[in-house]
Number of protein chains: 2
Amino acid sequence: MVKVKLRDVAEAAGVAVGTVSRVLNRNPTVADPIRRKVQDAIAALGYELDPVAQSMRGGRTRLVACAIRDFDIPRFGIFIKEAEQVLRAHGYTLLLSSTTNRPEVEVELLRAFEGRKVDGVMMTVSDEGDPDVIAALAAARMPVLLIDRDRIESADRVVVDHRTGAALAVEHLLGLGHRRIAMLVGDTKAYPSRSRVQGYRDAFLAQGAAPMPHLLRDRVLTPEDAFRETMALMGLAGPPTAIFVAAMDMLGGCIRALRTLHREVGKDVSLVAGADSELAELHAPPVTAIAWDLAEMGRHAATMLLQRMAGEAADAARCLTLPTRLTIRQSCTAVAPPAAGG
Amino acid sequence: MVKVKLRDVAEAAGVAVGTVSRVLNRNPTVADPIRRKVQDAIAALGYELDPVAQSMRGGRTRLVACAIRDFDIPRFGIFIKEAEQVLRAHGYTLLLSSTTNRPEVEVELLRAFEGRKVDGVMMTVSDEGDPDVIAALAAARMPVLLIDRDRIESADRVVVDHRTGAALAVEHLLGLGHRRIAMLVGDTKAYPSRSRVQGYRDAFLAQGAAPMPHLLRDRVLTPEDAFRETMALMGLAGPPTAIFVAAMDMLGGCIRALRTLHREVGKDVSLVAGADSELAELHAPPVTAIAWDLAEMGRHAATMLLQRMAGEAADAARCLTLPTRLTIRQSCTAVAPPAAGG
DNA sequence: ACGTCTAAATGAACCGGTTCATAGTATGGT
DNA sequence: ACCATACTATGAACCGGTTCATTTAGACGT
């Protein structure tokens, strides 16, 4: 069974190939009787358009690329799933790569996507200040939407309000009397960790208290890092009375360390997770966590990108901020205020 | 800056377009001096091959599609990540869709992938007996590798030995004296749940004990299902003394129900998870779980598909089985044997 | 009946590669 | 000197659509 092509349809319908193409593209300059005749021929022959050939001339591939740090970030699948759903409903196919959080890979992927003539990209970048990445982003011929990054203002962005979330978390801890509040964050070269650090500072300043720089540990990128930093923090002379595990999926590493040290969550040390998870919810005691809607984030990202690709978006880049909330559970308890005398 | 094409390179190097193409394709019928001249011209002009144009004639798109039930299955990202890594190293780009576990979507996606001329597919199917899906699979022009499905023997497959895993889990429980062992599985129309049920039966038969059909609940597909079924099971006149939560990410739902009922894991009821997770590891008490290597599974799937696409694989379809192991933790305790007298 | 307009259909050029039949050039044998 | 035999380069056809300058036909006015 050989493939049916435009020419065969044209022949069957007794018209020119260009006419069939115009019918397929809903070009209004084709009369009704002819249109019907062509559509009948298409149905009769079971003709299907070849997307590759279509891309050849026009340039539109109906492909959208998505590149993020790492696909095994728990719950990030929700973002992908929802975005893919929206895109597919609009005839787009999703293309996936992981950047492994390396700028050179990000640049390389951007070039590869461009080579493949994708119609749009949604991605994260590991360092919002990297000149090569910024240049690659600026040079890209297709619209790029940044996921949870805010610095590169020439691109559309969907971001989470981590700053407020972190501030709520730290305020909560300060309100319970904690002062030695440790924080584990990822790389502050990217928005999420950067804004969480801001939120941490906001909360301290609002209370007139001074944040403690030595309790703020950044570049916590793997569960092993979280384990190690927690061990180190708890071994300090003045160990933290509360830990804010602000990175995406580092809660496990921290809990593992506390368990190793036989420190009880909510008793020996209070705990807040920077991202909600089943682990946070079902841990004993359940862990207070910052939450936001990843499904909505995925849908918004896809929708904004679709609008940009369709040329429906305003000229200026848009930035959508998703709210965070603090889900208070049982992992944080009050500490006695320090003995007076200072 | 206009795009550099083959013709420009040919002109710069003073050769024919066909010659440049042969250089690019490492065709041996081109003499060294010419090859060098062409390569210099390519470098000088910064020429890059257009994958779309390349696909036009040859048909190879260097695209591999992956379609699974749902991307928010925790830890499944590991499979995707590793597979993508291997594929990208070989010049392939991964294309992603979720089937939402519906046969008609599976058929539709298969047709869409074919239309896009992808070079290979790796996917799950929701019902290995569905005639439409089987027909679509047989009609596919590109190689398809099935993920954790074993019934359709005309395709390459990468499967997990859930049967042995489940048998180990149930043997462990039987060995602790449990008889009323409940099992929560997904849809037995697909291999994972089907083989887990087999393993469950294997273990009972090996002990000369009779499995209890009313404690075996299938079609548990969402955490809510798991919650509901656990509630129902624990409300029975003769409630189970152990629950084997055999579906992929249903552990949370089950634990939530037990917590609601104030039943303590490892005391009031023993628990085994059918798939390991951070939740299982860090729950209090830690939950005994069946584990396997998802990263290796992803790498194997990609490698097998690459071999098949390259025509390097043997004619017959291959099926690779990954081993499972039982990680014993503290969620299972012995029950007193029933009072003698029967 | 004739010119003018407009609407609709045509078909060839084009997108940017790959491939293959053909031609041209050395090399070696006699 | 001449033919056979590689070996190498050429360039046109081709993949399957889209697009646009051009042609054709029909309607209308006078």
Side-chain angles (χ1 to χ4, degrees), chain A residues 1-42 45-63 91 112 114-119 141, chain B residues 1-42 45-63 91 114-119 141-142:
Chain A
M1 195 197 77
V2 75
K3 176 160 187 168
V4 182
K5 26 188 130 165
L6 207 57
R7 189 191 333 186
D8 304 321
V9 175
E11 203 172 317
V15 299
V17 287
T19 304
V20 181
S21 178
R22 276 155 54 234
V23 170
L24 289 167
N25 293 297
R26 289 173 185 65
N27 187 318
T29 72
V30 46
D32 269 356
I34 297 265
R35 174 187 310 276
R36 243 189 311 277
K37 216 164 49 171
V38 170
Q39 282 167 338
D40 289 351
I42 287 172
L45 297 176
Y47 169 77
E48 272 180 281
L49 232 138
D50 180 333
V52 176
Q54 213 172 9
S55 308
M56 186 74 203
R57 186 114 227 263
R60 301 179 317 288
T61 51
R62 301 231 140 212
L63 245 31
E114 205 157 344
R116 282 213 181 265
K117 293 194 168 60
V118 305
D119 294 346
R141 275 193 291 270
Chain B
M1 194 195 79
V2 77
K3 175 164 189 165
V4 182
K5 27 187 128 163
L6 208 55
R7 187 187 335 178
D8 305 320
V9 176
E11 204 172 318
V15 298
V17 287
T19 304
V20 181
S21 177
R22 276 156 53 235
V23 170
L24 289 167
N25 292 297
R26 288 172 184 66
N27 187 319
T29 71
V30 46
D32 268 356
I34 298 265
R35 175 188 308 278
R36 243 188 311 278
K37 217 164 50 171
V38 170
Q39 281 167 339
D40 289 350
I42 288 173
L45 297 176
Y47 169 78
E48 274 179 282
L49 231 138
D50 181 333
V52 176
Q54 214 172 7
S55 308
M56 187 75 203
R57 186 115 227 261
R60 302 181 315 288
T61 51
R62 301 233 141 209
L63 245 31
E114 205 157 344
R116 281 212 181 266
K117 293 194 170 59
V118 304
D119 294 345
R141 275 192 292 269
M142 63 287 190

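All chains are named by letter (A, B, ...) in the order of the sequence lines, taking the proteins before the strands, and each is independently numbered beginning at 1.
- Thr61(B) has its side chain out of reach of Arg116(B): every pair of non-hydrogen atoms, C-beta onward, lies at least 4.5 Å apart.
- If you walk DNA chain C from 5' to 3' and mark each nucleotide with an atom closer than 4.0 Å to a heavy atom of chain B, the marks span dG16(C) to dT19(C).
- Sorted by first then second residue, the salt bridge (Lys or Arg N to Asp or Glu O under 4.0 Å) pairs that include residues 50-61 of chain B, not counting sequence neighbours, are Lys117(A)-Asp50(B), Lys3(B)-Asp50(B).
- A salt bridge does not link Lys5(B) to Asp8(B): none of the charged side-chain nitrogens sits closer than 4.0 Å to a carboxylate oxygen.
- Within 4.0 Å (heavy atoms only), Val52(B) reaches no atom of the nucleic acid at all.
- If you check every strand for non-hydrogen atoms under 4.0 Å, Ile34(B) touches sugar and phosphate atoms only.
- A side-chain donor-acceptor contact under 3.5 Å links Arg35(A) to the backbone of Val30(A).
- Contact of the Ile42(B) side chain with the Leu24(B) side chain is registered, since non-hydrogen atoms from C-beta on lie closer than 4.5 Å.
- Residue contacts shown for Thr29(B) are limited to sugar-phosphate atoms, with no base heavy atom under 4.0 Å away.
- Comparing Met56(A) and Arg35(B) by the nucleotide of DNA chain D whose heavy atom lies nearest to each, the residue mapping closer to the 5' end is Arg35(B).
- Inter-residue side-chain proximity for Lys37(B) and Asp40(B) is flagged as unmet; no heavy-atom pair is nearer than 4.5 Å.
- Residue order along DNA chain C, read from the 5' end via each residue's closest nucleotide, puts Ala53(B) first among Arg60(B) and Ala53(B).
- Of the two residues contacting DNA chain D, namely Lys5(A) and Asp32(B), the nearest-nucleotide position lying further toward the 5' end is that of Asp32(B).
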